[in-house]
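Have a look at the structure below before the remarks.
What you are looking at is a predicted structure, and each value in this text was computed from that prediction instead of being measured. Residue numbers start from 1 in every chain, and the chains themselves are labelled A, B, ... in the order their sequence lines are given, proteins ahead of strands.
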Number of protein chains: 2
Amino acid sequence: MMDRIPIGLELNLTSRTVRRAFDSALLAAGGSLPVWLILLSLKRGNVDNQRELAEAIGIRGATLTHHLNGLETQGVLTRRRDPRNRRVHIVELTQAGEAFFARLREAAMVFDMRLKVGFSDDELSLLARGLNQLRLNVAGNTKEAGKKPPLLPDD
Amino acid sequence: MMDRIPIGLELNLTSRTVRRAFDSALLAAGGSLPVWLILLSLKRGNVDNQRELAEAIGIRGATLTHHLNGLETQGVLTRRRDPRNRRVHIVELTQAGEAFFARLREAAMVFDMRLKVGFSDDELSLLARGLNQLRLNVAGNTKEAGKKPPLLPDD
DNA sequence: TTCAAATTGTTAGATGTCAAATTGTTTGAC
DNA sequence: GTCAAACAATTTGACATCTAACAATTTGAA
């Protein structure tokens, strides 16, 4: 009812602020946000190719290529053609890459603790669900917009 | 308790996805996200100088200067020195700028409706408060981290 | 078998963003 | 009055990101 700042603006400002703080924390460990996201996704092993990797972290394939070039030059990872499908590049961490990942993970874990201050488990879940709904609402197909179960009980 | 995706990753992915969709909507109206944020903040009239304007929309002063240069070249706005404090630039929309703003506002309002689908007023408030808390948690001074009132009633 | 369409990744060119250094202005201490 | 410090904005040089166009490969249908 009351006039509210559009949720999109709120999201944008929060994301920029949090990202800047996180980036600064990673910088102290020699990394950056996109690099961390790439290494984390690779270690999780739940992506099969660069297209999926790029989508998982919210960047375009071209941008991913750019970062992979840099990381390969630094000796953090290697790329080789998948013999079973030569369109695909198999991306693998080197030993140095593993050590680098461990260092960044330290910084990321510390930051995550700081970010969650003041949130209960339920509140965190709810926030995550809200964010997820925003994402669904702008997804290409309008199928998932306006999901079934309300986020809060309907008293 | 259960393993959860870090809220920072969730925030990052959501923000990128939503931003891309919004940017695309603004592009159809001849604008972009940073341009829209600048014009909106100027129209609201709650910032006194470029430093405050940049902070309000979450970019750095240098980035703002860059956009203002472009907008001034396009004839959307003018800059002149404040005679009472010649360090300050007074930024004003031209008539063409007002028309441009009106066009972008149309697109922004349509998008905001789409983004809010499935959210009740209370849910939207809660989401905004959660985002605000994240912002406080990474703010330079740790004073506001871990605020008093819980986001959800403590049953 | 062959070839058009789909898929994967890269390149090229443009824009958005930032930190650091710089220019001009104001403020405050003396 | 003078000058150092703070302040507002700009410039510079670097990265991050995007879209569009492209090259190589795979797939599927005739």
Side-chain angles (χ1 to χ4, degrees), chain A residues 12-13 15-28 30-38 42 47-74 77-91, chain B residues 12-13 15-28 30-39 42 47-74 77-92:
Chain A
N12 180 60
L13 188 53
S15 169
R16 284 179 127 106
T17 305
V18 171
R19 179 195 161 125
R20 224 175 262 135
F22 188 35
D23 227 358
S24 148
L26 290 174
L27 188 63
S32 70
L33 178 59
V35 164
W36 163 244
L37 293 176
I38 288 167
L42 286 176
V47 294
D48 280 348
N49 53 47
Q50 292 185 195
R51 177 183 54 75
E52 289 181 10
L53 175 53
E55 185 173 1
I57 68 184
I59 63 177
R60 299 306 193 183
T63 306
L64 178 59
T65 292
H66 166 73
H67 290 299
L68 292 181
N69 287 343
L71 290 170
E72 193 170 25
T73 298
Q74 290 175 55
L77 51 82
T78 58
R79 275 181 292 186
R80 59 191 173 83
R81 290 289 175 181
D82 182 344
R84 290 170 310 174
N85 181 346
R86 294 185 43 75
R87 286 173 301 190
V88 172
H89 270 164
I90 296 178
V91 182
Chain B
N12 180 59
L13 187 54
S15 169
R16 285 181 126 107
T17 305
V18 171
R19 179 193 162 128
R20 222 175 264 133
F22 188 35
D23 227 359
S24 149
L26 289 174
L27 188 65
S32 70
L33 177 60
V35 163
W36 163 245
L37 293 175
I38 289 167
L39 297 187
L42 287 176
V47 293
D48 279 349
N49 53 46
Q50 292 185 195
R51 178 183 54 75
E52 289 181 10
L53 174 53
E55 184 174 1
I57 67 184
I59 62 177
R60 300 306 191 182
T63 306
L64 177 59
T65 292
H66 166 75
H67 290 300
L68 291 181
N69 287 343
L71 290 170
E72 193 169 25
T73 299
Q74 291 175 51
L77 51 82
T78 59
R79 274 181 291 186
R80 58 193 174 83
R81 289 290 176 183
D82 183 343
R84 290 170 311 172
N85 182 347
R86 291 186 43 75
R87 287 174 300 191
V88 171
H89 268 164
I90 296 177
V91 182
E92 288 166 319

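Across all strands, B/Asp23 comes closer than 4.0 Å to no nucleic acid atom at all (heavy-atom distances).
A/Arg86 places no side-chain N or O within donor-acceptor distance of the main-chain N or O of A/Arg81, the cut-off being under 3.5 Å. A/Gln50 places no side-chain N or O within 3.5 Å of a backbone atom of A/Leu64 that could act as its donor or acceptor partner. A donor-acceptor contact shorter than 3.5 Å links the side chain of B/Thr73 to the backbone of B/Asn69.
At whole-Å resolution of the value, CZ in B/Arg86 and C1' in D/dA6 are 19 Å apart. Atoms CG (B/Leu26) and P (D/dC18) sit 16 Å apart, rounded to a whole Å.
A/His89 and A/Arg80 form no side-chain donor-acceptor contact under 3.5 Å, judged by distance and modelled atom types alone.
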How does protein reach along nucleotides 9-20 of chain C, written 5' to 3' as B (base within reach of a heavy atom under 4.0 Å), S (only sugar-phosphate), or - (no contact)?
SBB----SBBB-
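Residues B/Ser15 and A/Ser15 come closest through the heavy atom pair OG-OG, 2.9 Å.
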